[in-house]
Structures are given as C-alpha cells and as structure tokens.
**Student:** 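Can you read through this structure? Questions will come right after.
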Amino acid sequence: MRRPTNQHMTEKVIVIGAGMAGIMAARTLHDAGLDVTVLEARERIGGRTHTDHSLGGSVDLGAAWIHGIDGNPLTPLAQKLGVEYGYTDFLNRSVTAVQAYDEDGTPLDQAEYALGQQHALAGWYLAAGSILYAAPTSVKSLQDWLDFGLPKPEGLSFSAEKGYLYQSLISTEYVCAADAHEIDWQLNEQQVGLTGGDYLLHGGGYSVISDHLAEGLDIRTGHAVTQVTVTEDGVTVTTSSPTDVAKKEEIACSRVVVSVPLGVLKSGAITFEPPLPDAKCGAIERIGFGNYEKLAMRFDKFYWPREAQRFNYMSTGDLSLFHAWLNIGYYTGEPILVSYHAGKRARHLNQLSDGDLIERTVAVMQRMFGGDIPAPLNYARTRWQHDPFSQGSYSFDQIGQQSGDRNALAQPVENRLFFAGEATHPHFHSTVHGAYETGVRAAREILQQL
Ligand SMILES: Cc1cc2nc3c(=O)[nH]c(=O)nc-3n(C[C@H](O)[C@H](O)[C@H](O)COP(=O)(O)OP(=O)(O)OC[C@H]3O[C@@H](n4cnc5c(N)ncnc54)[C@H](O)[C@@H]3O)c2cc1C
C-alpha cells in the first residue's frame with residue numbers, strides 16, 4: 001500500500017512576531033497543514049493590539065477602533081466573539097459628538113465648531129482634485145498644502161475657525177501619528193478607508209480577537225529574534241531572551257515570515273545575513289514610522305460631560321498639547337477618559353515623569369470642565385516609542401518616500417524570507433485589518449511555492 005505523501009512535511013516555517021500580521025500568517029499556514037512556529041519577543045501576544053484591564057474596564061492601549069466596518073475581516077470576528085463596539089463620529093457630522101474648548105477653557109459653540117470642521121473637509125475634497133492639476137511640484141507635505149492655501153470661506157466665527165483648524169491640520173497629524181511637515185500628502189491620499197464608519201471596541205477589546213485567532217498555534221513568547229541567516233538549505237533564526245541575553249537559541253527552518261514593526265526593522269535590532277536587498281533597505285529607511293501615545297485614566301466619578309464622545313482642547317503655540325480626548329464613559333458608563341498625543345507632542349510628553357504628566361493633564365481638565373478635579377484613581381500610560389519591540393506607533397507616508405516603497409518592503413527575498421506587517425500593506429497600512437491582510441498574503445506567497 002502506498003503511504004500518503006505530504007509535500008509540506010519538510011516545510012518548517014518560523015513567523016517572527018505575534019501581532020495581528022504574524023498571527024494571521026501562522027493561522028493560514030497552520031490551517032493549510034504546515035509546521036509553523038511563532039517567535040514572539042514579548043511575554044504576551046497581540047503586539048500593537050493590547051487591551052488593558054487594570055482600570056476596571058477594557059481599554060485598548062494600542063489599536064482601539066475598527067476603522068471602517070464594511071468588508072472588514074475584524075467585524076464578523078468581533079460579532080462572533082461578543083466584543084462590544086460603538087460608533088465614533090470622527091467627522092462630527094452629528095454636531096454633538098465633540099465638545100471643544102478654547103485654551104482658557106471656554107466651551108466653543110458646538111454647532112459653529114462642527115461647521116468649521118465641515119468646511120475643512122470640503123476644502124480637502126477640493127484640494128484633492130486640484131492637486132492633480134494646479135499645485136506646483138514643490139507642494140508636497142501636509143504643511144505645504146495648508147500654506148499653499150486650502151479653500152476656506154471668509155468670515156468664519158471664532159468657534160468655526162477652531163473647528164477648521166482641528167479638521168484641516170490637527171486631526172490628520174493624529175491619524176498619521178506625525179507632524180504636518182513630515183507627511184507626504186499625495187501618498188497619504190492613496191490610503192484607502194473602508195466604509196461603514198469607525199467603531200470603538202470597548203467590551204473585551206482587541207485582545208479577545210488576537211487571542212481567538214492565535215488559539216492552537218505554537219507561539220513561543222520571550223523569544224526575541226536577533227539574527228536571520230539564509231543558508232543554502234534554508235534559514236537559521238537566532239533568538240535571545242529579553243530577560244536573559246545570554247540565553248540564545250538557534251532554530252533551523254525552511255522559510256521565515258518577518259512581521260516585526262517597521263520601527264524594529266529601522267532600528268537594526270535584527271541582523272539579516274546576507275543583508276537585505278538595497279530596494280528593501282531603502283524602503284525601510286524612507287517609509288515613516290510615527291509616534292502616538294495614550295494616557296487612560298479612571299476617576300471616582302464623571303468630572304466631564306458624559307454625553308460627548310470626544311473633547312478637543314484648542315491650545316495654541318508650536319508645541320500645543322492636549323488637543324484630543326476620548327470619553328470611554330460615553331460607551332461604557334465607566335468614568336474613564338483617555339488623552340492622546342501624536343508626533344512631536346507624543347515624544348515631548350514621553351520625557352515627562354508619570355507624576356508630571358498626570359499633574360498637567362488634570363490641570364487641563366480643570367480648565368475645560370471646571371471645579372476641583374482630583375488625580376485619577378488609576379491610570380495606564382503608553383510609551384510605544386521606547387518599547388524595543390515597537391519603536392514607535394505605526395507607519396505613515398513620509399516626505400522622501402517613493403510610491404513603490406511599501407511594495408518593496410513586502411517583496412519576498414529568495415523565496416526564503418517573506419514580509420508581513422501593517423507597513424507592507426499598499427493601502428490599508430497603519431491599521432489592524434491591514435496587518436491582518438498582510439499576514440494572509442505572506443502565508444499565501446509561501447503556499448504558492450509548495
Ligand atoms: C497607539 C496606537 C493606536 C492605534 N490605533 C489603531 C486603531 O484604532 N485602529 C487600527 O486599525 N489600528 C490602530 N493602530 C495600528 C495597529 O495597531 C497596527 O497597525 C497593527 O496592530 C500592527 O500589527 P502588526 O502585526 O503589523 O505589528 P505588531 O502588532 O506590532 O506585531 C509585531 C510583533 O513583533 C514582535 N517583535 C518585535 N520585535 C521582535 C523580535 N526581535 N523578535 C520577535 N518578535 C518581535 C512584537 O512584540 C509584536 O508582537 C494603532 C497603533 C497604536 C500604537
């Protein structure tokens with residue numbers, strides 16, 4: 001009798017990184033019958049999806065929203081797993097989603113502020129058309145575009161001006177996790193957004209989805225990869241333990257999926273032998289990797305209007321801070337508030353001690369919401385910038401980047417090394433669903449070789 005043959009038997013795949021991309025690469029390969037092991041540096045999986053439970057509710061310290069619910073692979077998963085989610089009106093079309101405040105704490109007129117936001121959105125739509133025809137080639141960055149002259153009606157009220165400023169500049173800096181002069185606006189416009197609106201996961205959070213997708217996979221945490229060597233016969237992956245650098249391991253395999261963040265590739269923490277091709281190294285250098293940090297705080301009660309989803313504090317000056325706040329309580333009824341910072345603002349606040357950051361945050365809350373607000377009962381603060389296994393938040397289209405760079409980053413090397421991770425997605429980068437798709441794509445590239 002002939003024994004059944006399995007052409008996959010000699011295939012051993014190592015996936016580096018157990019974020020959404022790595023988990024989906026491993027999931028796809030495992031389900032296709034391959035021998036696959038995931039090496040993860042941290043003691044937890046999920047990467048930049050990380051749900052915190054220390055504040056007495058689930059708060060996502062990395063990704064928090066499903067950006068575009070239609071056709072998003074995460075939507076049916078959240079539904080199936082019973083993760084609750086609620087709509088966030090980022091464009092403030094409802095007028096009531098955002099309460100904004102002037103620098104001295106005076107509440108701005110909600111309707112006028114929303115009107116200013118809508119004028120800025122309309123301005124961007126018009127600019128998107130004119131960039132193809134009218135703009136000089138020197139107009140490249142988001143800042144150039146604002147300086148060049150985004151269409152804006154005359155005679156806006158004070159509150160509408162602030163809404164215009166928020167929507168034309170500040171919100172894009174937050175979305176890109178970068179500063180206006182760094183963002184290549186034309187490349188940024190090639191990013192595709194899914195429709196259906198943005199939904200905040202709050203009951204359970206993103207970790208429920210990552211954990212579910214990782215079920216049954218061979219994932220070894222505490223294994224930081226330091227070297228990847230392509231040999232004639234396959235690939236050797238060297239790891240060290242983040243807690244005991246002397247503890248090294250070498251694992252041989254036939255193929256590797258590299259799904260570490262772009263920030264880690266930029267840092268050179270992993271040595272590739274032979275070195276990666278020039279086109280890929282150039283892409284690693286040129287694609288931007290931004291900064292975005294959160295401070296989530298739990299208070300004894302609501303000191304802020306419960307019915308607004310978000311607050312904007314319109315501070316001014318080159319290093320104006322505390323623009324963006326999310327009222328988790330709007331969704332959950334728990335008195336939890338999150339303050340966000342991006343780009344240079346995030347890097348600036350990362351230099352503050354916890355005590356200083358809390359003190360400054362509460363002072364701004366007092367200005368906006370009035371009254372005597374005590375320090376939070378508890379808080380969770382991110383420092384993605386200084387985390388050796390992320391080295392920043394997510395990729396953005398940076399001035400100097402070339403249009404083919406994300407594809408170059410995604411290209412396999414000698415059919416041995418395959419690349420996944422949000423930054424490798426041509427149009428869904430910087431998102432969890434983008435990372436998810438790149439994991440599946442890298443796994444399929446391997447399966448096509450077999
Ligand atoms: C603050 C913040 C807010 C965000 N908000 C949203 C949002 O609301 N919605 C959204 O869709 N997206 C959001 N994102 C982006 C989203 O989180 C990412 O695009 C996505 O999670 C990236 O997945 P990934 O698998 O590519 O990378 P990661 O999740 O970073 O996974 C890479 C893995 O590699 C591991 N690793 C690193 N170095 C090594 C090494 N040397 N050896 C072994 N393992 C290593 C890491 O520990 C990590 O687990 C946000 C990100 C941040 C930081």
Side-chain angles (χ1 to χ4, degrees), residues 10-26 28-30 34-42 45 47 217-242 244-285 287 289 387-392 395 405-424 435 438-439 441-447 449-450:
T10 53
E11 283 291 331
K12 162 87 192 166
V13 180
I14 296 283
V15 175
I16 307 176
M20 187 54 81
I23 290 172
M24 280 316 296
T28 310
L29 293 168
H30 172 90
L34 263 72
D35 178 2
V36 48
T37 295
V38 185
L39 301 176
E40 167 55 52
R42 294 185 176 110
I45 67 163
L217 298 176
D218 174 21
I219 300 182
R220 301 185 195 169
T221 54
H223 283 68
V225 172
T226 54
Q227 180 149 346
V228 176
T229 308
V230 178
T231 64
E232 262 179 32
D233 309 326
V235 190
T236 305
V237 176
T238 310
T239 68
S240 75
S241 156
D244 177 5
V245 275
K247 199 171 141 200
K248 292 198 185 310
E249 237 179 278
E250 278 194 358
I251 306 170
C253 61
S254 46
R255 292 168 218 270
V256 166
V257 177
V258 180
S259 82
V260 299
L262 174 63
V264 172
L265 292 176
K266 279 181 186 288
S267 76
I270 301 177
T271 307
F272 290 89
E273 201 46 56
L276 294 173
D278 287 349
K280 198 179 286 288
C281 291
I284 291 170
E285 207 178 298
I287 302 171
F289 201 64
D387 185 325
F389 305 119
S390 55
Q391 311 248 9
S395 65
D405 276 347
R406 290 186 188 271
N407 280 334
L409 186 62
Q411 280 303 306
V413 174
E414 294 179 22
N415 284 327
R416 292 285 183 202
L417 306 184
F418 296 79
F419 290 80
E422 56 87 11
T424 68
T438 65
R441 187 256 306 137
R444 287 188 182 148
E445 286 167 350
I446 292 179
L447 293 172
Q449 300 299 317
L450 306 180

**Student:** Tell me if the NZ atom of Lys248 is crowded by more than 12 foreign heavy atoms within 6.0 Å.
**Tutor:**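 Buried by this count: over 12 neighbours within 6.0 Å.
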**Student:** Looking only at heavy atoms, which two atoms of Ala442 and Phe418 are closest? And how far apart?
**Tutor:**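 Closest heavy-atom pair between Ala442 and Phe418: O-CD2, 4.3 Å.
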**Student:** Closest heavy-atom contact between Ala423 and Ile287?
**Tutor:** O-CD1, 4.5 Å
**Student:** At their closest point, which heavy atom of Ala435 faces which heavy atom of Met20, and how far apart are they?
**Tutor:**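 Where Ala435 meets Met20 most closely, the heavy atoms are CB-CB, 4.1 Å.
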**Student:** Can you see which heavy atom on Glu40 is nearest to which on Gly19, and at what distance?
**Tutor:**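 Closest approach of Glu40 to Gly19: OE1-N, 4.4 Å.
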**Student:** Please step through side chain to side chain donor-acceptor pair (under 3.5 Å) for the pair Lys12 and Thr37, ending with a clear verdict.
**Tutor:** CA-CA 8 Å; Lys12 162 87 192 166; Thr37 295; 2.6 Å; yes
**Student:** Quick one, Phe289 and Val264 - any side-chain contact, counting heavy atoms below 4.5 Å?
**Tutor:** no
**Student:** Under the side chain to side chain donor-acceptor pair (under 3.5 Å) criterion, do Arg406 and Ser395 qualify, and how do the steps go?
**Tutor:** CA-CA 10 Å; Arg406 290 186 188 271; Ser395 65; 3.0 Å; yes
**Student:** Is a side-chain donor-acceptor pair under 3.5 Å present for Glu422 with Thr438?
**Tutor:** no
**Student:** Would you sort out whether Asp218 and Val36 count as a side chain to side chain contact (heavy atoms under 4.5 Å, CB included), showing the intermediate values?
**Tutor:** CA-CA 7 Å; Asp218 174 21; Val36 48; over 6 Å; no
**Student:** Where the side chain of Arg416 meets the backbone of Ser254, is there a donor-acceptor pair that is under 3.5 Å apart?
**Tutor:**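 Checking the backbone N and O of Ser254 against the side chain of Arg416, a donor-acceptor pair under 3.5 Å is found.
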**Student:** Can you tell me if Glu285 has over 12 outside heavy atoms packed within less than 6.0 Å of its CD?
**Tutor:**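 Result for CD/Glu285: open.
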**Student:** Which pair of heavy atoms, one from Ala25 and one from Ala443, lies closest together, and at what distance?
**Tutor:**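 Scanning both residues completely, I find the closest heavy atoms to be O-CB, 3.6 Å.
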**Student:** Can any side-chain N or O of Gln449 pair as donor or acceptor with the backbone N or O of Ile446 at less than 3.5 Å?
**Tutor:** no
**Student:** Side chain to side chain contact (heavy atoms under 4.5 Å, CB included), that's the test. Do Leu39 and Ile14 meet it? Break it down for me.
**Tutor:** CA-CA 7 Å; Leu39 301 176; Ile14 296 283; 3.6 Å; yes
**Student:** Using the side chain to side chain contact (heavy atoms under 4.5 Å, CB included) rule, take His30 and Asp35 through it: C-alpha gap first, then chi angles, then the decisive distance, then the call.
**Tutor:** CA-CA 7 Å; His30 172 90; Asp35 178 2; over 6 Å; no
**Student:** Indicate yes or no: at least one non-hydrogen side-chain atom of Ile270 is less than 4.5 angstrom from one of Val228.
**Tutor:**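 Answer yes - side chains close enough.
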**Student:** Do Arg441 and Thr424 have side-chain N/O donor and acceptor atoms under 3.5 Å apart?
**Tutor:** yes
**Student:** Report all side-chain donor-acceptor pairs from residues 273-283 shorter than 3.5 Å, counting only partners two or more places apart or in another chain.
**Tutor:**
residue, atom, partner, partner atom, Å
Lys280, NZ, Ala408, O, 3.1
Lys280, NZ, Leu409, O, 2.7
Lys280, NZ, Gln411, O, 2.6

**Student:** Please output the side-chain donor-acceptor pairs of residues 255-262 that fall under 3.5 Å, not counting sequence neighbours, one pair per line with the distance.
**Tutor:**
residue, atom, partner, partner atom, Å
Arg255, NE, Glu11, OE1, 3.1
Arg255, NE, Glu11, OE2, 3.3
Arg255, NH1, Asn415, O, 2.7
Arg255, NH2, Glu11, OE2, 3.0
Ser259, OG, Ile16, O, 2.8
Ser259, OG, Gly17, O, 3.3

**Student:** Taking the side chain as C-beta and beyond, is there a heavy-atom pair between His223 and Glu249 under 4.5 Å?
**Tutor:**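 His223 reaches Glu249 side chain to side chain.
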**Student:** Check step by step if side chain to side chain contact (heavy atoms under 4.5 Å, CB included) holds for Gln227 and Ser240.
**Tutor:** CA-CA 9 Å; Gln227 180 149 346; Ser240 75; over 6 Å; no
**Student:** Would you call Leu417 and Val230 a side-chain contact if the rule is heavy atoms closer than 4.5 Å?
**Tutor:**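 Touching, per the 4.5 Å side-chain cut-off.
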